[in-house]
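Heads up, the thing below is written out as structure tokens.
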Amino acid sequence: MVINLNGTWQMRNISQAEWLEAKVPGSVYNDLLNSGKMEDPFYRDNEDIALKLCDFDYEYKREFTVENSLLQCDKVLLVCKGIDTLSTIILNGNTIAQTNNMHRTYEFDVKGYLVEGQNKIQIILHSPTKFMQKKHKEDPLWGAGDCIPGFPHLRKAHCMSGWDWGPKLPDLGIWRDIYIIGYNHGRLTDVYITQHHNNGEVNLDVRVSYESFKACCSNDNVFDIEVVVTYPSGEKKTYECNEALQTTHISIDIEKPELWWPNGYGSQPLYNVEVILKYKGEKVDTNSLNIGLRTLTVKREKDEWGESFEINVNGISIFAMGADYIPEDNILARCNKERTERLIKDCVKANFNMLRVWGGGYYPDDYFFDLCDRYGIIVWQDLMFACAVYRMTEEFTENIVQEAIDNVKRIRHHASLGLWCGNNEMEVGWADWPFPKTADLRTDYIKQFEIILPDVVKKYDPNTFYWKSSPSSGGGFDKPNDENRGDVHYWDVWHGLKPFTDYRNYYFRFVSEFGFQSFPSLKTIETFTLPEDRNIFSYVMEKHQKNGSANGKILYYLSQNFKYPKDFDSLLYTSQILQAEAIKYGVEHWRRNRGRCMGAIYWQLNDCWPVASWASIDYYGRWKALHYFAKRFFSPILASALDHDNKIDLYVTNDTLQNFTGKLSWSLRTQDSKIIESSEKEIEISPLTAKCFVNLDFSKYLQPSQDKRKLYFEYKLEDNGKVISSGTILFTVAKHYEFLDPKLSVDVVEKDNCFEFVISAQNYAKYVELMLTNLDCVFDDNYFDIVGGTKKVVCVDKSELPQGITTDELKKQVKIRSIYDIA
Ligand code: BMA
């Protein structure tokens, strides 16, 4: 019996008399925006005004009807799946609880407070900024400088208090479901599934625990448990356990098990396991879990370089490809399954097999993990601690232990869950960063991340790998960012201003963060600026750049590689090309060194508001050049060129489970794409390997040095006549290359399910960008190179575009440019 309390509530700023309509789940900003009581906090510099609204307390209230049958239940609970963050909960005038952790699920016994008929619930949300200010005064703990001081004291998504890509907008709210539930006789308290894999056979051990509300005095056992397993085919099998003990193991052999694989390695069959608790034959509670059959762990073995760090699925070590994920919206009320599904599909389109959920946000909703299960994205799940020092008082410890239990139990059954990780960058912080340090806080670090939290994971999810921190070499402050062990965050390129060629000096075992910023597209910038703001050093543009001197950094790197862009929009485009080239430079190098390096997770996938950042997809879901590049550099079978001193080595990396045979061809060409030299080779490459197939030396053509500015190298890999990986390489920096006008033209052709954009170039064209003036869509390729005298066909699925749109309309809308056009 459930009373759903989601829906329409009333809310007010507690210092004001006026009540506004509110939506639960939701947030204060969301409600104020819907009532027209605040301006868009993302527009221009409105952030400052919006922040002040968090200095107040807010009251939420609603009434609801309770029937006598609920009051007759043995147990009646108020369940709050998420309250952000400090709250007082009042039921019919009685204060029943206070909360202080947005990451927790709360349950309160409310039987004694409810009455038949009308009831009233009030939730007072207390100011997070006031709390952080007070706590920071009492006990100033170090935390990332871009954040509101005091944030380490509050169990609230850290980045809501600001980050080097996030605004300081610590919104408040009843942010997840809230309901009252009545139980009779008993209820399930735990379902834990262990998979035993043995030579292709899979056995499930389903451990079920329940609580009985009857004072137990006899051995008369009246509870039965039924487990229904639904196979991917839809077929159901039922298992019964009569007279179940309060903790019962049910063993289930899966017939002809179908294994779950990450994207790129196989399919993602899911099995549903439904557990039903019955009292004297009557159903009293159920729990339904979708699982995938797989083994999944991190393999660490000593080797000639140090120690490996490999994501191992069903016994196969895969090369992890993906990015770091942050909250999708600073206003959490705007997040939803549809948006997340779009984002995860965008990851799949770009050949990702992994996301790292970064520790400064929140534990994602169930639907996030369901989608990752369904699309084959392995999740590296940080616990929600990042760039901060924590004091392990008794109260704080108890709070974070409960938080970890809640989330580990909620998430652990998912096929996509790859590993738990203690925190973001705190071990390396303690080892290498210059913040004020004391011995007791250092001891607290060890207690928290190397003893207490791993114990929780071990107890509640013993089959999932726990990693103490990211980056780490295994803990104990032992060179956490060691190149040869564990995972690495590499920031000398970007924060350290090293040229991106520096990536090639390292053979990391697994790089879980490295990144490079760019500006979002003009369309996105137009949403938060007036025309007079559209200069990267304007007040408003700098308000939407949270990383200190980063706009200067973009220009610094730009000066090394590209000509000075002629206008604002050309600068935005060039910054995206720069970012894409940088990340590609690193990823291709690490994929050429597959085996030694086994993962390249770039910082960062997405944005939580419109901003200049490291993201490859912006706040509005628009793909930056980097995301199109990622689609190519994460291609399961990749051809890549290692260029050095007029020489080129051509590599192929095969990250599939199949042997690959194909044709590798290459040519040295002039700016108008005339061939100087060309050749081809049939190649064969085993699964899960990288290999160099060709070593070329073009020294004889590249003397005297001005020829370097006129020749380029082109390569492609074909699978039965279809190009699956390709690229072009310059022998000089792009700013010095003497591009000819490629004279680009584009035609649009309608096909059954898509529109084809046919682009022709008369001369060599690099970084060709295709876009539509008033529409947004994802093209199947973009920011590509074209050999002069050839055509490139780019497709857009019709589902991406308004229904009934015509080729004429698209021809009007299409805009095209290349690097030739920037200056
Ligand atoms: C890493 C992350 C984030 C940060 C990013 C860019 O250190 O963990 O904290 O946003 O770098 O500076």
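Side chains included, hydrogens not; waters and symmetry mates left out as well; all remaining heavy atoms used. One-based numbering, in listed order, for ligands and for the atoms of each. Bear in mind that the values here come from a model prediction, so they are computed numbers and not experimental data.
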Partner of W142 under ring-ring contact (aromatic ring centres under 6.0 Å, His included), chosen from F435, Y390, F151: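 It is F435, the one option of F435, Y390, F151 that forms the ring-ring contact (aromatic ring centres under 6.0 Å, His included) with W142.
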Qualifying residue, where the test is ring-ring contact (aromatic ring centres under 6.0 Å, His included) with W358 and the options are W614, W165, Y325, F385: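 Answer to the ring-ring contact (aromatic ring centres under 6.0 Å, His included) test with W358 among W614, W165, Y325, F385: W165.
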Identity and separation of the nearest protein heavy atom to [atom]:
atom                    : answer
atom 6 (C) of ligand 1  : D164 OD2, 3.3 Å
atom 11 (O) of ligand 1 : W491 CZ2, 3.4 Å
atom 7 (O) of ligand 1  : E425 OE2, 2.6 Å

Atoms of ligand 1 close to [X] [distance to a heavy atom under 4.0 angstrom, numbered from 1]:
X    : answer
N424 : 8 (O), 9 (O)
E513 : 1 (C), 2 (C), 7 (O), 8 (O), 11 (O)
W358 : 2 (C), 3 (C), 8 (O), 9 (O)

Side-chain (S472) to main-chain (K468) donor-acceptor, under 3.5 angstrom: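 Judged by distance alone, no pair lies under 3.5 Å.
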W163 N/O under 3.5 Å from ligand 1 N/O: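 W163 vs ligand 1: N/O contact under 3.5 Å present.
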Min heavy-atom dist W494 to ligand 1 below 4.0 Å: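 No, W494 has no heavy atom closer than 4.0 Å to ligand 1.
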Ligand 1 contacted by H495 (non-hydrogen, < 4.0 Å):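 Per 4.0 Å heavy-atom rule, H495 contacts ligand 1.
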Ring center gap for Y466 and W420 short of 6.0 angstrom: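 Aromatic pair excluded; centres sit 6.0 Å or further apart.
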Cation-pi check, R339 onto Y619 ring (under 6.0 Å, within 45° of axis):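 Yes, a cation-pi geometry.
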Gap separating the CE atom of M392 from the NZ atom of K447, nearest 0.5 angstrom: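 One finds 6.5 Å between CE of M392 and NZ of K447.
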Donor on one side chain, acceptor on other, E427 and S469, under 3.5 Å: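 On atom types as modelled, these side chains do not qualify, holding no pair under 3.5 Å.
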